[in-house]
Amino acid sequence: MSEASSSRLLYRGSLSLPDSYILLDGLTFSANLLANKDLLHNPLALALESMRGRPSLRLKGTELLKNICIDPSDDVCMDIHPSASLSRVYFENMLCLSHLSPDGRTEIGVRVALGDTDGPATTEIMIFGQSYSSPTTPSLIIRVARIAPATRAPRPDDPTPRRPPQHLLTRTQSIGELAANTRIKVKGDDSEVVRRAREVMLHLPNSKPRGRGKDKDRGGAVFKVPALPAKKTNHAPDADVFGPVSDAKGKSRAADEGIGDIEQENKSIIKKFTVRYLDAVGVSKAHPEFKELFGFVYRGTAFALRATIKKSPVSARALETLVEAHIKLYVTSPT
């Protein structure tokens, strides 16, 4: 392990094997301060330091480095305590017996999860070996890298990136400035033309100054709310482009107002006679056909007296004759 003055301890603990109570203890993760002067911008160092206080990290298994994408720029190393025999044997069998790739890394690495879940927010790291020059024998240093999320392959429904039109870009303006919604300033003779155009627009006869202040040209005129239209006492039917609007309530109201007192009294007498003579033949109000028979007898009698029902009171004898005739017509036999 490097000297304490040039490294920072990030995490000290063990790895828990899946489906087992065995722990690979004696592991220390440290960051090189010479290469990482600002650890606040080192995501792997921050993730390992957030694991402090946990006795172990989850070991998920081994994986080929060529199948994943790692970020080795964090420069974090792992050391094994000399007394941790089980951990030394495990990593020697995994890393020292693995073939080296052209960049000096082992082909196989150990995958570790920094958390209890396997969601997208869980940081996963890869522990692998990397060869370095030694004056005596070739050696491996155990390095740790953060597994970067795999890039998604483009899909047919993805929007196609397009370059902005060339006429929107000036010689001194970049695409970034255009995206920042910066105002394009006109240079040369055009600026003088624009200035003169503004002066002409401001001195037009009908031009008025803008602002929220008081308008003196109006002479102190105050806006008045117009009065509501007067209500009409007589009910007049509404009309539109197609003619008067039909109103069922208005029609019924007009029909009731049009009926005179004599006609209303005559109709009441016809109803009483109809109920009395129907009850005499055994058709009371509780009879299932009372409503239909009452309607036929009443309407037929009123229609027969239509010439005199609105002018004078009807004769009781004529009314009895008509009601009896209708009942004999509709009621064949007493029920």
Side-chain angles (χ1 to χ4, degrees), residues 1-4 6-32 35-36 42-119 122-150:
M1 186 175 176
S2 56
E3 297 180 359
S6 61
S7 61
R8 175 181 174 82
L9 176 64
L10 301 177
Y11 175 79
R12 178 185 295 168
S14 58
L15 299 180
S16 61
L17 300 178
D19 301 330
S20 176
Y21 292 101
I22 300 176
L23 296 177
L24 301 179
D25 56 352
L27 306 181
T28 303
F29 296 85
S30 59
N32 188 3
N36 298 280
N42 191 327
L44 179 56
L46 295 176
L48 287 171
E49 285 200 1
S50 65
M51 294 292 106
R52 288 187 177 184
R54 299 174 63 97
S56 62
L57 305 177
R58 281 192 309 123
L59 189 148
K60 300 187 65 175
T62 59
E63 193 165 351
L64 294 175
L65 268 69
K66 64 179 181 180
N67 295 336
I68 59 175
C69 180
I70 61 175
D71 183 13
S73 61
D74 298 328
D75 198 3
V76 177
C77 301
M78 189 190 77
D79 296 303
I80 305 174
H81 196 273
S83 301
S85 303
L86 184 60
S87 300
R88 294 178 64 88
V89 172
Y90 177 81
F91 281 100
E92 284 178 358
N93 292 334
M94 289 295 172
L95 303 181
C96 295
L97 299 180
S98 174
H99 296 282
L100 296 178
S101 59
D103 55 358
R105 301 173 184 172
T106 58
E107 295 181 352
I108 298 177
V110 179
R111 190 164 187 163
V112 179
L114 304 183
D116 298 329
T117 60
D118 293 331
T122 303
T123 302
E124 295 186 354
I125 61 176
M126 181 64 68
I127 303 175
F128 60 94
Q130 187 172 9
S131 62
Y132 72 101
S133 58
S134 177
T136 56
T137 57
S139 303
L140 287 178
I141 182 172
I142 303 178
R143 291 195 174 275
V144 183
R146 182 172 54 91
I147 299 177

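Residue numbers start at 1 and run along the sequence shown.
- Sorted by first then second residue, the salt bridge (Lys or Arg N to Asp or Glu O under 4.0 Å) pairs that include residues 12-28, not counting sequence neighbours, number zero.
- Partners of N93 according to the side chain to side chain contact (heavy atoms under 4.5 Å, CB included) rule, which considers only residues two or more places apart in sequence or in another chain, are V89, L97.
- In this structure, L17 and L23 have side chains that are not in contact, with every pair of non-hydrogen atoms separated by 4.5 Å or more.
- D75 contributes no side-chain N or O that, together with a main-chain N or O of N32, makes up a donor-acceptor pair within less than 3.5 Å.
- Put simply, the side chain of R52 gets close to the backbone of L10: a donor and an acceptor are under 3.5 Å apart.
- In this structure, C69 and I147 have side chains that are not in contact, with every pair of non-hydrogen atoms separated by 4.5 Å or more.
- Looking at S30, its side chain never comes within 3.5 Å of a backbone N or O of S7 through a donor-acceptor pair.
- A donor-acceptor pair under 3.5 Å is absent between the side-chain atoms of T62 and the main chain of M94, judged by distance alone.
- Here the side chains of L44 and F29 are not in contact, with every heavy-atom distance at 4.5 Å or above.
- Atoms OG and CG, on S73 and N42 in that order, are 7.5 Å from each other to the nearest 0.5 Å.
- Rounded to the nearest 0.5 angstrom, S14 OG and L57 CG are separated by 7.5 Å.
- Side chain of Y11 to backbone of R54: a donor-acceptor contact under 3.5 angstrom is found.
- Two residues are said to be in side-chain contact when any heavy atoms from C-beta on lie closer than 4.5 Å; L86 and R88 fail this criterion.
- Side-chain contact between I80 and L27: present, with at least one pair of heavy atoms (C-beta onward) separated by less than 4.5 Å.
- For L46, the CG atom is densely surrounded, since the number of other residues' heavy atoms within 6.0 Å is greater than 12.
- At least one side-chain heavy atom of V76 sits less than 4.5 Å from a side-chain heavy atom of L48.
- In the model, T117 has a side-chain atom that pairs as donor or acceptor with a side-chain atom of T122 under 3.5 Å.
- Counting heavy atoms from C-beta on, the side chains of P43 and D74 come closer than 4.5 Å.
- In this structure, R105 and I70 have side chains that are in contact, with non-hydrogen atoms separated by less than 4.5 Å.
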Give every donor-acceptor pair under 3.5 Å between a side-chain atom in residues 123-131 and any protein atom, sequence neighbours left out.
residue : atom : partner : partner atom : Å
E124    : OE1  : R111    : NE           : 2.6
E124    : OE1  : R111    : NH2          : 2.6
E124    : OE2  : K60     : NZ           : 2.8
Q130    : OE1  : R143    : NE           : 2.9
S131    : OG   : G104    : O            : 3.4

